[in-house]
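For reference, the structure discussed in these notes is given below.
Lettering follows sequence order; numbering is per chain, from 1. Fair warning: this is a prediction, and the values are worked out from it, not measured in the lab.
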Amino acid sequence: MEYNFRQIEQRWQKVWADNGTYRVSNHSDKRPFYVLDMFPYPSGAGLHVGHPLGYIASDIYSRYKRQCGFNVLHPMGFDAYGLPAEQYAIQTGQHPEKTTEQNIKRYKEQLGKIGFCYDWDREVRTCDPRFYHWTQWAFEKMFDSYFCNQTQKAHPISELIAHLEQHGTDGLDVAQTEPLSLTADEWNAMSETQKQQVLMNYRIAYLADTKVNWCEQLGTVLANDEVSEGLSVRGGYPVEQRVMRQWSLRVSAYAQRLLDGLNDIDWSDSLKETQRNWIGRSEGAEMQFRLAGKDLSFTIFTTRADTVYGVTFMVLAPESEYVSQVVTAEQREAVDEYLRWVRRRTERERISDRRVTGVFTGSYAINPLTEKEIPIYISDYVLAGYGTGAIMAVPAHDSRDYAFAKHFGLPIIPLIEGADVSEQSFDAKEGVMMNSGLLNGMQVKDAIAAMKQHIAKTGIGRVKVNYRLRDAIYSRQRYWGEPFPVYYKDGMPYLIPESCLPLRLPEVSDFKPTTTGQPPLGNAQLWAWDEKNLRVVDKAKIDDKQVFPLELCTMPGFAGSSAYYLRYMDPHNDNALVGKDAVDYWRQVDLYLGGSEHATGHLIYSRFWNKFLCDIGVAREQEPFRKLINQGMIQGRSSFVYRYIGEGATGNLYISYNLIDNPEYKGKIQPIHVAINLVKNDILDIDAFRHWMPEFKDAEFVYADGTTDIDNPYLGTPTEKQYICGSAVEKMSKTYFNVVNPDDIVESYGADTLRLYEMFLGPLEISKPWDVNGIDGVHRFLKKLWSMYENMTDSEPTADELRSLHKLIKKVTWDIEHFSFNTSIPAFMICQSELQQLGCTSKQVLDTLAVVLAPFAPHLAEQMWHLTRTERAESESVCDAKWPEWNEKYLELTTQKYPVQFNGKVRFTIEVAKDTPREEVERIVMADEQTVRYLNGATAKKVIVVPGRIVNIVM
RNA sequence: GCGGCAUUGGCGUAAUUGGUAGCCGCGCCAGACUUAGGAUCUGGUGACGAUAGUCGUGUAGGUUCGAGUCCUAUAUGCCGCACCA
């Protein structure tokens, strides 16, 4: 019986769909388990073979958990809002709604062919109003909240108002944009608009003039994680710094909680480390420096309080607000010129060109410990956004300060004994202090602590923790995103009432972004808010007293993906993001799979978002994703032919890869990408190649054996005429002709082979090239396995069959629990081959085998499972078959013919006293009943004895 | 510069976590069946050696009865952060 995978896979996919096999209920006595894939952007290119890697792994795990008796939530949806979808729409000149719809359809078709156990009833799309209703709702909650540093929690803004009414800003320890000082009387005397302005300083979702990453080509601002080395991550366009009035989320308020939370979750070390870097906590001190001759002081941040005796100058960031107060009349012109120059420089120039630049302000500050006057400079090596935008410079022990001091001829005072600072600074935090007054003789570490204590006691400064993490810019001057539920009255934003959500994305005459920063929603006619009648109206009515303009920006891509995992729990709930019952039952994602490229974007934002939702009582767990696995990328494997371009070249002769280093060809060949479907096992299909493109129609070859068609025009068996292609690992891309479409693999080998092969390729978490060369081996295994089901009988399983089966169960169970799916495939192959050698025909064994295979190759397993028991109804699925337990009893069973082995070895433990001599141990071993049974009369080749521990016997 | 991860046959990898390195697959070699094979099946395949055997997990040390696995250096590669004070 042939392995007709097409028929088998179509049949069961239909049965599963018809019976709703994968539908999941929120009401179950079973324990819940939530397995989630990062939902995809439905891009125009469709899925390539790399996308399903993580999906297959999570599918295996979900199916396994389900068979173990869990109620498994395993949903799928689409991250349809945001830049990629919109860029694709612009490229194809269609409305993003239409392209998104088409792309989703395509994705679902492709996913459907691979046999995933998704509950499609729970599908979410971020661009669906029923979904973005809750994105907008969450924004409103953040707008209506502030963050208290004492409780480290979000609180309703009404509590803050109450505090301001009674105490002003006195005793307020909250996250804020800038420090404010108000009395209660001042607050109470304020107008409504003034009050709103004050509150904006504290809201978690706030509007402020901020320095943003503006990308002209994309026509929008970008978050920090969307920019890399001064270029936009998407598209690679230049990004400049601009001050714009933008919405932001106060993510930085949660920095400490985001950091602490990492200790409680099961993520890879590298990913946690990436997040720790991104949050960038550093412990240090803030110190006051007085301005000489004026009643003005400013604050700096340092992690090296111990080096304060070595401060020989100060530096301000060009954007620092202190600058204007410090510049003297004589220096004003020089400073202005420098500031103009700094402003002209793009972010990219600043990063690539690190020459020392700066200008003297004319003013001096007083070192609070030495009381000496030190000059104040401005330089762009000091960043306005970190710390206070002002530093104390210690050239002896900081390489940047050192370079600056050398350039401007400023003094360098070494503070650590034995440190040679004549050529470079001594940055290490080790050694014994000198030239440092009360710190002399201390180790650096102790000196840091001592100085912190000293400055706190004397009031010069205070201990302070700083974070690198910035607030997330939340506005995008784009069309294809969630509209803000916000309208403007007297220039201040107000929320649209919750009951009026969702605020739907309006139709516009032109959705393309502009280079001026004018958002496309400005083109919408129906885009004003009638405050009295609570509805969206024509913006021509804005002259009315009760009609106000709506926000024109939309939310960024990460808005929709920040809480979607909660929505899957309760996707049809129109009254809440997620119902209490649902979230109480599912709680959090137990296993999350996706790429590590989201480490500093989505995975920070959704953790932040979840913590906020926790604070307001919506989410149940502090961390959204308990365990996270990053699947590796699948790269493409490109193939090449080598065109001869040496002397007398016609441009039509191609040299086999094995010959290109021959002296007659070396350096005279040009590699050309060739479509990988024309190549199998690195051998070129010559006919197909000649028909591939017109330019290769008359291609001639120097074959692997060095012959050409002219040498032997009619001989030439296929082996002689082989043309070998070269190869390289590259990104999967259309231009390299190396994209492998999963549909094609499913078509020629079947979904089960695809699933098995993707797992077989190597460990889940590492990147690896897609290499078709091995797929036949996996396909062959499934064929062989299938052929075993032809001759089933009701015979009792033999001991050997049971041992082989239970060995498999043990191995596969272990593998799945350790996400080592790649090592399960060999286990299946060994089991199959052993059973075949034993001539296994036992239905009982084959039945269980199908159950164990089910997570990996569900279609074939389902077919086999129904073959072993023909009375099973079609609706009864192997998905619900109980996961078998392995039994040590069977593993111990042994016969003359098949001794218990692992990799051809016998191993067990026997207790022996620690100092027993080796000969004695050997005697004990040989006399041991169990050992004798294992050895079965054979003589041991070698006995390795470790007193007190383990005995290894090699037969 | 700081941090994380990796390095095992011709290739992808395995070694149940400190217990005889190289499972399984690809490729290759040999054989069988075939008019034929890019089909199928069987056997072999780390290196050196005729054999016995010896040597082998990037390099150099260390801990241990025992190290691919732990420790210390070092090299190479990949990834993250980076003028973050």
Which nucleotide in the set B:rA14, B:rC24, B:rG4 lies at the smallest distance from any side-chain heavy atom of A:Phe760?
-> B:rC24
Taking the side chain of A:Asp380 as heavy atoms from C-beta outward, which of B:rC24, B:rC83, B:rA82 is closest to it?
-> B:rC83
What is the glycosidic conformation of B:rG44: syn, defined as within 90° of 0, or anti?
-> anti
Using the P atoms only, state how far B:rC70 lies from B:rC5, rounded to an integer number of Å.
-> 11 Å
Phosphate oxygens OP1/OP2 of B:rA85: is one of them under 4.0 Å from a side-chain N or O of A:Tyr381?
-> no
Which residues pass the side-chain contact (heavy atoms from CB on, under 4.5 Å) test with A:Ala449, sequence neighbours left out?
-> none
Can you name the nearest heavy-atom pair linking A:Trp770 to A:Met732, along with the distance?
-> CB-CE, 3.7 Å
A:Arg780, nearest nucleotide to its side chain (from B:rC41, B:rC24, B:rG80) = B:rC41
What interatomic distance, in whole Å, is found between C1' of B:rA60 and the corresponding atom of B:rA67?
-> 15 Å
Tell me which of A:Ser596 and A:Ala827 sits closer to the 5' end of RNA chain B, going by the nucleotide each one is nearest to.
-> A:Ala827
What nucleic acid atoms does A:Leu271 come within less than 4.0 Å of, heavy atoms only: base, sugar-phosphate, or nothing?
-> nothing
Base orientation of B:rU40, chi within 90° of 0 counted as syn, else anti, reads anti
Results of side-chain contact (heavy atoms from CB on, under 4.5 Å) for A:Ile766 - residues two or more places apart only = A:Pro763, A:Lys768
Mind checking the C1' distance from B:rU64 to B:rC71? Whole angstroms is fine.
-> 12 Å
Could I get the full list of side-chain contact (heavy atoms from CB on, under 4.5 Å) partners for A:Val227, not counting sequence neighbours?
-> A:Asn213, A:Leu222, A:Val239
Remember a base hit wins even if backbone is also touched, and classify A:Pro769 as base, sugar-phosphate or nothing at under 4.0 Å, heavy atoms.
-> nothing
Select base, sugar-phosphate, or nothing to describe what A:Val778 touches, counting heavy atoms under 4.0 Å on all strands.
-> nothing
Among the nucleotides B:rC81, B:rG4, B:rA85, whichever has the atom closest to the side chain of A:Thr303 is B:rA85
Among B:rU17, B:rC24, B:rC81, the one nearest any side-chain atom of A:Trp278 is B:rC81
Which of B:rG25, B:rA85, B:rA15 is nearest the side chain of A:Thr823? It is B:rA15
Is there side-chain contact between A:Met392 and A:Phe313, with at least one heavy-atom pair below 4.5 Å?
-> no
Base, sugar-phosphate, or nothing: which does A:Asn466 touch, judged by heavy atoms less than 4.0 Å apart?
-> nothing
Of B:rA14, B:rG25, B:rG80, the nucleotide closest to the side chain of A:Asn822 is B:rA14
Is the closest side-chain heavy-atom distance between A:Glu834 and A:Lys807 below 4.5 Å?
-> yes
A:Glu2 and A:Lys783 ion-paired at < 4.0 Å | no
For A:Arg276, answer base if it contacts any base atom (sugar-phosphate contacts may also be present), sugar-phosphate if it contacts only those atoms, and nothing otherwise; contact means non-hydrogen atoms under 4.0 Å.
-> nothing
Among all residues two or more places apart in sequence or in another chain, which pass the side-chain contact (heavy atoms from CB on, under 4.5 Å) test with A:Pro368?
-> A:Phe289, A:Ile460
By nearest-nucleotide position on RNA chain B, the 5'-leaning member of A:Lys783 and A:Gly280 is A:Lys783
C1' spacing across the pair B:rC81 / B:rG61, given as an integer number of angstrom | 33 Å
Just call it for A:Ile391: base, sugar-phosphate, or nothing, with non-hydrogen atoms closer than 4.0 Å on any strand.
-> base
Which of these nucleotides, B:rU40, B:rC83, B:rA85, is closest to any side-chain atom of A:Asp398?
-> B:rA85
Nearest-angstrom distance, P atom, B:rC24 to B:rG43 | 11 Å
Who passes ring pair (Phe, Tyr, Trp, His ring centres under 6.0 Å) against A:Tyr605, sequence neighbours left out?
-> A:Phe558
Please state the P separation for the pair B:rG10 and B:rU45 - nearest whole angstrom.
-> 15 Å
Tell me: CD of A:Glu758 to P of B:rG12, nearest whole Å?
-> 18 Å
Select base, sugar-phosphate, or nothing to describe what A:Ile830 touches, counting heavy atoms under 4.0 Å on all strands.
-> sugar-phosphate
Exactly one candidate in A:Tyr64, A:Trp886, A:Phe828 meets side chain to side chain contact (heavy atoms under 4.5 Å, CB included) with A:Val812; the answer is A:Phe828
Have a look at A:Arg281 and say if it touches a base, only the backbone sugar-phosphate, or nothing, with a 4.0 Å heavy-atom cut-off.
-> nothing
With P as the reference atom in both, quote the distance from B:rC33 to B:rA52 in angstrom, rounded to an integer.
-> 32 Å
Touch check for A:Ser820, heavy atoms < 4.0 angstrom, all strands: base, sugar-phosphate only, or nothing?
-> nothing
Convert the base pairs of RNA chain B into dot-bracket notation, remembering that pairs crossing earlier ones are written with [ ] and that bases paired across to another strand are shown as |; include only Watson-Crick or G-U pairs under 3.5 Å.
-> (((((((..(((......[....)))((((((.......))))))(((....)))..(((((..]....))))))))))))....
Picking from B:rU17, B:rU40, B:rC83, which would you name as closest to the side chain of A:Trp814?
-> B:rU17
Considering only B:rA14, B:rA85, B:rG3, which nucleotide approaches the side chain of A:Thr302 most closely?
-> B:rA85
Sticking with atom P, work out how far B:rA21 lies from B:rU69, rounded to a whole angstrom.
-> 13 Å
